[in-house]
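Data first, discussion second: the structure below is written as structure tokens.
Atoms considered below: every heavy atom in the structure, side chains included; atoms not considered: hydrogens, waters and symmetry mates. Treat the numbers as computed from the prediction; the structure is a model and nothing was measured.
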Amino acid sequence: MKTKALLISTLCLLGANYSWAADEDVTPGHLKFADQAVGSYEFVHYSSQGANPVSPYPTEKLKEEGTVVLTGGQVKNEDASVAGFNKGCHIVASDYGNMLLIKGDGSAEEPTLSAADALAGYINVSMFTQTDFPVNTPVRFHFVSKVVGDPITADYKISVWNFGGATTNVPLPETTTYSSIDTKWWPIYADLNVAGITGDDRIPLRIRYNIPGGHLGNRAIYIATIQFTANPSGECPGFDPVNFDGWDTPNGSPATGIDAIGETNGFVAWDSQYIYLNDIDFGTEVFIYSLNGALVKTVKVTDSFVEVPMSRGAYVVKYGNKASKVVL
């Protein structure tokens, strides 16, 4: 199983920048979802450059509070495709504050809200920081997301690039935010390498979030947090890639029983020969994966108690938005 949830880039301390206080939030306003009113959210620009926006993106099109540019196979040629994607984008309320919901076509999440049009190709959401973003200053990046709906078959990824797209100084190389065996909230923390990011072709930075091809259908994406912190205190949080299996809540606090979005009924038990599916809603599809993410078996629930014979080994059992690690 691949290492999850954390990529720590080298923390550079070349020349302290005293204009930024310790633990100062330098997140662009358009990415502070908790501060925005519940309602529609629009990605208002797009680029015809496939995976990357025009490099560097024209300065006159950059907004003072930050800019979002849609690119990729589905939105590179038509304004209508951008509008179709935007239909499914909403700021929604939760017990943990407002967050961004990207609701794909066919998703049952938040049934009163509109879904995006059917978009089969990949989509990159490129989110720019502001032009006064700190340089030569330690900056910590934090990202929390969750995918609800059909099991995913390709990784969701995020990276942080220079404005000009140069590969000589990429603050955060491409990092997996969500994989085929994930069901909970997944946090990414990284101390960015921002040394030498100066000049018109470097600032603002670009956060590139990749939605794999076909992965808007029957799924919803929640992005709870995108945050940049200048001069962070304390060590960058780390997670054991073997034992860590995600957060029950978007801020890492224990679940209360009413916190989970679209909570699924039932539970899993096991012994040396069987995996037992208990009180799971009839018709639910249960997916059993090996620890390296390969799908081993699919079971449709037809009774309140289902015995699934299995070979000895370690597995991840996933249904709805739940997952259990079992060892037979």
Evaluate the criterion side-chain contact (heavy atoms from CB on, under 4.5 Å) for residue pair Val286 and Val317; output intermediate values, then yes/no. CA-CA 7 Å; Val286 178; Val317 182; 3.5 Å; yes

Go through the steps for Lys146 and Tyr178 under the test side-chain contact (heavy atoms from CB on, under 4.5 Å), then give the verdict. CA-CA 7 Å; Lys146 182 177 184 177; Tyr178 221 81; 3.8 Å; yes

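Asn231 is listed as a side-chain neighbour of Thr137, based on a closest heavy-atom distance under 4.5 Å. Phe244 places none of its side-chain heavy atoms less than 4.5 Å from the side chain of Lys184. Side-chain contact between Tyr209 and Thr177 is present, with heavy atoms from C-beta onward closer than 4.5 Å. By the 4.5 Å heavy-atom criterion applied to side chains, Glu42 and Cys89 are not counted as neighbours. Proximity of Trp270 to Tyr315: side-chain heavy atoms (C-beta onward) are nowhere separated by under 4.5 Å.
In this view, Asn98 and Val38, Ile91, Ala93 satisfy the side-chain contact (heavy atoms from CB on, under 4.5 Å) rule, not counting sequence neighbours. Thr225 meets the side-chain contact (heavy atoms from CB on, under 4.5 Å) test with His142, Val144, Gln227; sequence neighbours excluded.
A donor-acceptor contact under 3.5 angstrom links the side chains of Asp25 and Thr27, judged on distance only.
Once rounded to the nearest 0.5 Å, the distance linking CG of Asp279 with CZ of Phe267 reads 5.5 Å.
For the side-chain contact (heavy atoms from CB on, under 4.5 Å) test with Glu109, the passing option among Val148, Asn218, Ile221 is Val148; the others fail.
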